[in-house]
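Structure, as structure tokens:
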Amino acid sequence: MNRIIMMVLRLFLKAPLYFFQIWWYAKSRKAGSREAYACVKKVTIAANRAGRVKIESYGLENIPKENGFIFFPNHQGLYDVLAVLESCPVPFAFVIKKEAADVILLKQVVGALKSISIDREDIRQSMKVIQQVTEEVKNGKNFLIFAEGTRSRNGNKLLDFKGGSFKSAVKAKCPIVPCALIDSFKPFDEKSIQPATVKIVYLPPMYYEDYKEMKTVEIAAEVKSRIEKAIEEHAAL
């Protein structure tokens, strides 16, 4: 929270303009996804600089050249999406829990990127979200889904990945891109405002041919294993 306050104070003069731009893309039906993403990315980079957060990216070459895939990062804290937004060169939307979708600014970012909120207590609505993501991925849209379902709150240690999180990928037969977030809990989940470095590692994708014989729980365990290995390899760099 302290770092968020610092970001707002250091961007005080530009904050209203940034908010209006994101709000406009959230409301506009004419703006393309690339333009909206570029706007959100620009604001994200400015916020990170104001908050003294540095992003180190690895494995960008592993991001598929063709759109229509899903990122599956571990979930460390409130800052996670900002790390991906700064580092990722291609537009994506994300699935966010309903409770967070109405937070000021985050709500506008959700709208600008045409992201989707999910009510985990409503099975029918959750199934609709799975189907919506499936269809949009088939049509060439990229998504980000946190397979842990909630923040780990244990630093760089992961919770179990939920098999249900991978249903959209299986139905869409799309590439699954594991992403390892390292120290992403530090910017917003710690009280310090000292300079922080967050690492993100884009791992080689799992294509449909790689996982078509696997159950979703097996896919979840494999993705988790790959991310844990990447964290172990990169945390000390």
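The chain is numbered in sequence order, starting from 1.
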**Request:** Take Ile145 and Phe94 through the side chain to side chain contact (heavy atoms under 4.5 Å, CB included) test and state the conclusion after the steps.
**Result:** CA-CA 6 Å; Ile145 297 175; Phe94 52 91; over 6 Å; no
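- Take Tyr18 and apply the ring-ring contact (aromatic ring centres under 6.0 Å, His included) test, not counting sequence neighbours, and it matches no residue.
- With contacts defined as side-chain heavy-atom distances shorter than 4.5 Å, the pair Phe19/Val43 does not qualify.
- No more than 12 heavy-atom neighbours from other residues, nucleotides or ligands sit within 6.0 angstrom of CD on Glu66.
- With sequence neighbours excluded, no residue satisfies ring-ring contact (aromatic ring centres under 6.0 Å, His included) with Tyr207.
- Transitive grouping of hydrophobic side chains (ILVMFWY, heavy atoms separated by less than 4.5 Å) brings Val53 and Leu181 into a common cluster.
- Other residues sharing the hydrophobic cluster of Leu13, ordered by chain and number and joined by side-chain separations under 4.5 Å: Phe12.
- Residues Arg52 and Met6 meet the side-chain proximity criterion, which asks for heavy atoms closer than 4.5 Å.
- Across all non-hydrogen atoms, the minimal contact from Glu86 to Lys41 is O-NZ, 2.7 Å.
- Distance OH/Tyr58 to SG/Cys179: 15.0 Å, rounded to 0.5 Å.
- Between Glu121 and Lys98, the closest side-chain pair of non-hydrogen atoms is not below 4.5 Å.
- The two residues Cys88 and Ile63 have their closest heavy-atom pair at SG-CD1, 4.3 Å.
- For the atom pair OG of Ser184 and CG of Asn74, the computed distance is 8.0 Å after rounding to the nearest 0.5 Å.
- Using a cut-off of 4.0 Å between Lys/Arg side-chain N and Asp/Glu carboxylate O, Lys173 and Glu209 are scored as not salt-bridged.
- Hydrophobic clustering (side-chain heavy atoms under 4.5 Å, transitive across Ile, Leu, Val, Met, Phe, Trp, Tyr) keeps Leu82 apart from Ile45.
- Here Ile200 contributes atom CD1 and Ile55 contributes atom CD1; the two are 8.0 Å apart, rounded to the nearest 0.5 Å.
- With rounding to the nearest 0.5 angstrom, the CZ atom of Phe166 is 10.0 Å from the OH atom of Tyr211.
- Atom CG of Leu144 is separated from atom CZ of Phe72 by 8.5 Å, given to the nearest 0.5 angstrom.
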Side-chain donor-acceptor distances from residues 156-163 under 3.5 Å, at least two apart:
residue, atom, partner, partner atom, Å
Asn156, OD1, Gln76, NE2, 2.6
Asn156, OD1, Asp183, N, 3.0
Asn156, ND2, Asp183, OD1, 3.0
Asp160, OD1, Lys224, NZ, 2.9

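- For the salt bridge (Lys or Arg N to Asp or Glu O under 4.0 Å) test, no residue two or more places apart in sequence or in another chain qualifies with Arg153.
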**Request:** Using the ring pair (Phe, Tyr, Trp, His ring centres under 6.0 Å) rule, take Phe92 and Tyr37 through it: C-alpha gap first, then chi angles, then the decisive distance, then the call.
**Result:** CA-CA 8 Å; Phe92 67 90; Tyr37 184 74; 5.7 Å; yes
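- Under the 4.5 Å side-chain heavy-atom criterion for ILVMFWY residues, no single connected hydrophobic cluster contains both Met206 and Val90.
- Remark: Leu17 engages Gln21 in a side chain to side chain contact (heavy atoms under 4.5 Å, CB included) (not counting sequence neighbours).
- Formation of a donor-acceptor pair under 3.5 Å by the Glu148 side chain with backbone atoms of His75 is found in this model.
- Residues Phe146 and Leu85 share a hydrophobic cluster, clusters being chains of Ile/Leu/Val/Met/Phe/Trp/Tyr side chains in contact below 4.5 Å.
- Put simply, OG on Ser168 and NZ on Lys138 are 10.5 Å apart, with the number rounded to the nearest 0.5 Å.
- Listed by chain and number, the residues in a side-chain hydrogen bond (donor to acceptor under 3.5 Å, both in side chains) with Asn67 are Asn142 (sequence neighbours excluded).
- Under a hydrophobic-cluster definition in which Ile, Leu, Val, Met, Phe, Trp and Tyr are linked whenever side-chain heavy atoms come within less than 4.5 Å, directly or via other members, Val95 and Ile219 are assigned to the same cluster.
- Applying the salt bridge (Lys or Arg N to Asp or Glu O under 4.0 Å) rule to pairs touching residues 195-204 yields nothing, sequence neighbours excluded.
- By the side-chain hydrogen bond (donor to acceptor under 3.5 Å, both in side chains) test, Glu233 pairs with no residue at all, sequence neighbours left out.
- Closest of all the heavy-atom pairs between Pro205 and Pro178 is CA-CD, 4.4 Å.
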Show me the donor-acceptor pairs, under 3.5 Å and distance only, between side chains in residues 125-133 and residues at least two apart or in other chains.
residue, atom, partner, partner atom, Å
Gln125, OE1, Asp119, N, 2.8
Gln125, NE2, Ser117, O, 3.1
Ser126, OG, Asp119, O, 3.0
Ser126, OG, Asp122, O, 2.9
Gln131, NE2, Glu135, OE2, 2.8
Gln132, NE2, Glu136, OE2, 3.0

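- Aromatic ring centres of Phe71 and Tyr202: separated by under 6.0 Å.
- The shortest non-hydrogen separation linking Pro64 to Val177 is CD-CG2, 3.7 Å.
- The salt bridge (Lys or Arg N to Asp or Glu O under 4.0 Å) test applied to Glu56 returns Lys54, not counting sequence neighbours.
- Closest heavy-atom contact between Ala26 and Gln108: CB-O, 3.5 Å.
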**Item:** Audit row: Leu203, Val201, side chain to side chain contact (heavy atoms under 4.5 Å, CB included) steps and yes/no
**Value:** CA-CA 6 Å; Leu203 300 171; Val201 186; 3.8 Å; yes
Can you give me every donor-acceptor pair (side chain of residues 185-198, partner residue at least two apart or in another chain, under 3.5 Å) with its distance?
residue, atom, partner, partner atom, Å
Asp189, OD1, Leu78, N, 3.2
Asp189, OD2, Arg151, NH1, 3.0
Ser192, OG, Gln194, N, 3.0

**Request:** List the steps and the verdict of side chain to side chain contact (heavy atoms under 4.5 Å, CB included) for Thr44 and Val40.
**Result:** CA-CA 6 Å; Thr44 298; Val40 174; 4.1 Å; yes
**Request:** Might you work through the side chain to side chain contact (heavy atoms under 4.5 Å, CB included) test for Phe69 and Val137, ending with a clear yes or no?
**Result:** CA-CA 6 Å; Phe69 57 84; Val137 170; 5.9 Å; no
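- Nearest approach of Leu113 to Lys141, heavy atoms of both residues: O-NZ, 3.8 Å.
- Heavy atoms from other residues, nucleotides or ligands lying under 6.0 Å from CD1 of Ile123 number 12 at most.
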